[in-house]
Amino acid sequence: MTSPLDDKLSNALGGRTASALQKGLGLVTVGDLLSHYPRRYAKRGELTALDELELDSNVTLIAEVLQVTERSMKAKRGSIFEARITDGRGILTLTFFNQPWRSNDLKPGVRGVFAGKVGDYKGLRQLAHPDYQLFDEAVDLADPATKKWVESPIPIYPATSTVASWQIAKSIEVVLDTLPPLEDPVPPSVRSERKLLTYARAVELIHRPAKDADWGAARKALRFQEAFVLQSALLQQRALLRATAATPRVPGKLAAEFEAEMPFTLTGDQRLVGDEIFMDMARSAPMNRLIQGEVGSGKTLVALRAMLAVADSGGQSALLAPTEVLASQHLRSIVRTLGPNLSARVRPTLLTGQLSTAERKKALLAAVSGSSGIVIGTHALLSDNLEFFDLGLVVVDEQHRFGVEQRETLRQKGKQPPHVVVLTATPIPRTVAMTVFGDLDISTIAELPSGRIPIQSFVVPLAEHPGWVSRVWERTAEELAAGHQVFVVCPAIDPTVTEPDSEDPSTSPEAGGGAGSAANVTEITASLKANPVLAGRRIASLHGRMSGEAKDAVMVAFAAGEIDVLVATTVIEVGVDVPNASAMVILDADRFGVSQLHQLRGRVGRGSVAGICLLVTRAEIDTISRERVDAVASTLDGFELAQKDLELRQEGDVLGSVQSGGRSSLRLLRVAKDGDLILDARELAAGVLEVDPTLKDHPALAEALARRLDESEAAFLSKN
Ligand code: ADP
Ligand code: MG
């Protein structure tokens, strides 16, 4: 079955227009173009604020021509035609070189839509060679037909410097005028129950509304459709995975021995989630579970019990960690927690990119022969030359660094699909979890092991109080004097290099990050060593450009208390465990994401020592950057933070690279706001799939799912 949505734009519009749309906006098919929805709607007669134009922004505005001038250029041959336009609030000059014929169009008193990039000429705002569409001059507002025309909203599209909003509108008109009827992926019963427009009608009205209510209704229908198709896809994916066969794994002798000798009493949540995992793994369908738990809630221990259950049946587990430091720390702590007897039997093995050739060979052999029951590593675990004897369980630690694809790659390494458990300390609001990880079951560890004292967090706002920075180092000295250790985190390694690991949201223009270059490990280490307040203290650096061995050596020395102050980048971010570290100073904290800050803060106060976190920022009050930092200081509740983060982030960042789904999957849906809608769509989709799992009676929905899958596959392939 072919859908008009899959037609190439080159057929529908001709090669030149199609290639402009592809180059400028990445639109290839009719479906791409039709789902390039207007950003907003302007009214004819509504005057856009000309006094609010930002330099270098691409604007579309409605204005009236005030006066025009034509003159020849002084230095070169040729002419300049200029039109001054106004909206009553500001004046802007349109400039055309060597196009004197523009005077035929642009006459004083004429009104229209103008689109272009705001430039600056001798201090005055101008648009050079703008695109425009003029309104009919004979506007008689008394005429009912004219009145209707005047009232119809003008769609304003997201545009670029090469493709203007009105050009997009024109292309869409052409496509809509010849569009065959569109099949509706949302079944009629669901549609009428929710009182939604048909797909065809919604597409027409979102692009060509006659009145404001039209695009409102169109958006509502299309937004629902997005949620519905997405949830159907996730539910079907989940059903497919569940239909494959996996080897059941049940706890036996190793697990029982560990229970008896374990150095801790499990928290209630650890036990509960552990039971859920054992139940999942005892089935002959693969487990696919996300475990979210606060930093320090003891997720590793839960995973370790699962790994032992797999070892009990002769199977192996792979533990995937995001960094070398973390992988080696996992190895050390797992060996320690297991004790010598169990370690000797399970033989945990490390496999990272930093191993020598000989060590690497040994590790690969231990995996393929089955002699190692737990293989711990970084991305190196994804490499082709790693094979397992019998991979039964994949544990992915700290999900936010890994995407769906990596999970898939590891899954492929089992003879049968292995069980998968994903650990994350970044709590995910339910709707996001359902949208991004809709194919996973979710367990939560909310409880912390007893005896932990909550961390205190403070913002140090240098924009208002530049002098407070010296207080930060005095506070550091106080912690050291009490016998504790301190982390100092910087966004950059040296004045020119940003840690590639860092999310650095300040690089996006809307972030409003602190001005100037970011605090960096090299300079901060030097300045702290020279700071008399810290005289005699052992200060060391840690960052991603050091070799794995050097990093490990520093981490081990810090953990052993041989270093007092560790100046580092985000390499220390996830999971690093040094119970004696009591303070965390984060410099230019606004350069980090909310979840990153929350993670970093979780590095201190892990023992019985009270933790303190100082979030130092130069960001001004009322910027998004500052709000992020304030949010982190205001609560220790990861779920609350995740929700705030979601509200502060741009939508694209929320789904980021973990989203499988390609460019056109989420257009109108906002996971932050549309939680109820997503839930509703999920229930309705589940209802449809329950009655018709293969969607044989819902061909249009099946087709929408296939289209979505194509896109995510294409997106996946383009990343490899
Ligand atoms: P996270 O969930 O952040 O990965 P970890 O698994 O690293 O947390 O555990 C944090 C610390 O708590 C570790 O030092 C671990 O040994 C300890 N821990 C785990 N479970 C318990 C428990 N039930 N009682 C006491 N300490 C525990
Ligand atoms: Mg951890």
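Indexing begins at 1, ligand by ligand and atom by atom, following the structure's order. When reading the values below, keep in mind they use all heavy atoms of this one structure, side chains included, and skip hydrogens, waters and symmetry mates.
Near L301, the atoms of ligand 1 lying under 4.0 angstrom from a non-hydrogen atom of the residue are 20 (N). Less than 4.0 angstrom separates some heavy atom of T300 from each of these atoms of ligand 1: 4 (O), 5 (P), 6 (O), 7 (O). Residue T267 approaches ligand 1 through these ligand atoms, each under 4.0 Å from one of its heavy atoms: 23 (N).
For the pair K415 and F389, the cation-pi test (distance below 6.0 Å, angle within 45°) is passed.
Atom 2 (O) of ligand 1 has its nearest heavy-atom neighbour, among K299, E447, Q329, Q599, in K299. Closest to atom 21 (C) of ligand 1 by heavy atom, among S333, G268, P449, is P449.
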*Does the pair T352 and T378 meet the rule for a side-chain hydrogen bond (donor to acceptor under 3.5 Å, both in side chains), with working shown?*
CA-CA 6 Å; T352 67; T378 52; 5.3 Å; no

*Does the pair D441 and R238 meet the rule for a salt bridge (Lys or Arg N to Asp or Glu O under 4.0 Å), with working shown?*
CA-CA 10 Å; D441 293 316; R238 178 186 153 108; 3.1 Å; yes

*asked:* Show, in sequence, the C-alpha distance, side-chain angles and deciding distance for N580 and Q485, and conclude whether the side-chain hydrogen bond (donor to acceptor under 3.5 Å, both in side chains) test is met.
replied: CA-CA 6 Å; N580 190 46; Q485 290 160 280; 2.9 Å; yes

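Residue S297 places a heavy atom less than 4.0 Å from ligand 1.
Panel note: side chain S582, backbone A610; no donor-acceptor pair is recorded below 3.5 Å.
Contacts of T265 with ligand 1, taken as heavy-atom pairs under 4.0 Å, involve the backbone alone.
By the 3.5 Å distance cut-off applied to N or O atoms, L266 is not counted among the residues near ligand 1.
Annotation: D384, atom CG; neighbour count of heavy atoms from other residues, nucleotides and ligands within 6.0 Å does not exceed 12.
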